[in-house]
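Chain A is the first sequence line, chain B the second, and so forth, proteins listed ahead of strands; every chain is numbered from 1.
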Amino acid sequence: MPELPEVETVARDLRESLPGRTITGVTVRWPRTIACPPPDEFRQAIAGRRVTSVGRRGKYVVLGLDRGYLLIHLKMSGRLYVTPAGQAADRHEHTIFDLDDGQQLRFQDVRKFGRVYLVDDVEQVTGNLGPEPLADDFTLVTFRRRLERRSGRLKSLLLNQFFLAGLGNIYADEALFQAGLHPLRPAGSLTPAEQERLYNAIRGVLRQAVANRGTTLGDGGYVDARGEAGQHQEQIMVYGRTGKSCLRCGTPIERLVVGGRSSHFCPRCQKDPAGV
DNA sequence: AAAGCACCCTGTACGC
DNA sequence: TGCGTACAGGGTGCTT
């Protein structure tokens with residue numbers, strides 16, 4: 001499941017081959033993948049545009065074009081890669097961009113949740129996203145201010161992209177474990193020391209995961225734009241480890257559903273908030 | 001503001 | 001072995 005570190009890795013990979021390439025055409029095999037503009041218009045509009053940059057905002061891959069932007073959200077199972085046009089197409093490659101060098105940028109997405117946006121301005125899609133957790137201007141003070149205004153549970157808040165952009169289920173659970181905080185803890189109830197622990201945990205986990213080129217769990221899991229698995233699964237402490245021993249204290253990891261999403265945590269390292 | 005839930009999808013895991 | 005069913009998950013939108 002691509003989250004910030006995985007999307008960042010894909011963007012870095014694509015940056016090696018896409019800038020300077022012109023998109024000569026596109027094949028859309030699952031029109032719902034195209035979020036905007038409408039698929040027919042999209043086909044017309046994308047042809048002839050040149051890629052000038054490759055970046056990331058939250059979990060979106062952002063391709064800067066000579067005019068406008070192409071944003072791609074991988075959601076659960078999306079994969080992006082560049083391959084020679086002659087390469088046989090997989091049945092889950094729903095959108096295929098032809099490039100002017102005989103290659104293709106292919107968007108494969110088994111579960112079809114992923115979306116592609118062609119817009120004039122990045123903000124049209126990402127305008128309401130929260131801060132970038134690894135940006136220099138995302139300071140402890142900024143984080144505190146945002147946290148203190150909230151009364152919901154920590155886990156739900158960390159998954160809220162309008163609160164903070166880029167965390168998904170894996171890194172939210174890992175960050176809470178690193179910070180020693182229970183997923184149900186009310187966000188506004190943290191002490192200054194706990195706020196700082198959480199801030200450092202979020203940034204630390206994400207930085208390490210980027211350095212490890214992301215987390216790949218199981219078959220069909222995330223792969224980068226080269227088709228290779230990440231390495232961060234070796235460092236995972238709680239996510240998906242229900243019933244297994246906590247790697248810090250040995251207590252069995254527990255699972256809880258919060259906001260419809262599973263949460264994995266160590267009941268000893270992450271103490272229950274009072275009254276829950 | 002926040003919580004709960006259905007929905008979008010399909011591969012996979014699991015029970016019988 | 002094979003079938004049916006539950007489940008996973010990011011994000012949106014609706015209801016309470």
What is the distance, rounded to the nearest whole Å, between atom [atom1] of [X] and atom [atom2] of [N]?
X	N	atom1	atom2	value
Asp173(A)	dA8(C)	CG	C1'	14 Å
Arg185(A)	dA3(B)	CZ	C1'	20 Å
Leu129(A)	dG10(C)	CG	P	15 Å
Ile72(A)	dG11(C)	CD1	P	16 Å
Leu256(A)	dA8(C)	CG	P	13 Å
Arg79(A)	dG10(C)	CZ	P	16 Å
Asp109(A)	dC8(B)	CG	P	16 Å
Glu3(A)	dG10(C)	CD	P	6 Å

So which nucleotide from [options] ends up closest to the side chain of [X]?
X	options	result
Arg255(A)	dC9(B), dA8(C), dG11(C)	dA8(C)
Arg150(A)	dT10(B), dA2(B), dG11(C)	dA2(B)
Ser156(A)	dA3(B), dG11(C), dT10(B)	dA3(B)
Tyr239(A)	dA3(B), dA8(C), dG10(C)	dA8(C)
Arg153(A)	dA3(B), dT10(B), dG10(C)	dA3(B)
His92(A)	dA8(C), dG11(B), dC9(B)	dG11(B)
Lys112(A)	dG10(C), dT10(B), dG11(B)	dT10(B)
Ser151(A)	dA1(B), dG11(C), dG9(C)	dA1(B)

Is Lys59(A) salt-bridged to Glu3(A), going by a charged N under 4.0 Å from an acidic O? no
Taking NZ, NE, NH1 and NH2 as the nitrogens, is one of them in Arg12(A) or Glu8(A) under 4.0 Å from a carboxylate oxygen of the other? yes
Report which part of the nucleic acid [X] touches: base, sugar-phosphate, or nothing (heavy-atom distance under 4.0 Å, all strands).
X	answer
Ser262(A)	sugar-phosphate
Gly260(A)	nothing
Tyr171(A)	nothing

Residues pairing under side chain to side chain donor-acceptor pair (under 3.5 Å) where one sits in residues 230-246 of chain A, two or more places apart or in two chains, turn out to be Asn212(A)-His232(A)
Between the axis at one end of the helix from dA2(B)-dT16(C) to dC16(B)-dG2(C) and the axis at the other (five pairs apiece), what's the angle to 10 degrees? 60°
Just so I know, are the side chains of Pro183(A) and Leu154(A) near enough to count as touching, which here means a heavy-atom distance under 4.5 Å? no
Do Val238(A) and Leu176(A) come within less than 4.5 Å of each other through their side chains, counting heavy atoms only? no
What residues from residues 157-166 of chain A pass a heavy-atom cutoff of under 4.0 Å to DNA chain B? none
Looking only at side-chain N and O atoms, does [Y] offer a donor or acceptor that is under 3.5 Å from a partner on [X]?
X	Y	answer
Arg106(A)	Gln104(A)	yes
Tyr171(A)	Gln178(A)	no
Asp109(A)	His94(A)	no
Arg185(A)	Ser189(A)	yes

Does the side-chain ring of Phe113(A) lie flat on the base of dG10(C), meaning centres under 5.5 Å and planes less than 30 degrees apart? yes
Would one find more than 12 heavy atoms of other residues, nucleotides or ligands at under 6.0 Å from atom CZ of Arg29(A)? yes
Is the phosphate of [N], meaning OP1 or OP2, less than 4.0 Å from a side-chain N or O of [X]?
X	N	answer
Arg111(A)	dC7(C)	no
His73(A)	dG11(C)	yes
Lys75(A)	dC9(B)	no

May I ask you to check whether Tyr117(A) and Tyr69(A) place their ring centres under 6.0 Å from each other? no
Could you pick out which residue, Arg115(A) or Val258(A), lies toward the 5' side of DNA chain B when each is mapped onto its nearest nucleotide? Val258(A)
Within the modelled atom types, does a donor on one side and an acceptor on the other bring the side chain of Arg261(A) and the base of dG10(C) under 3.5 Å apart? yes
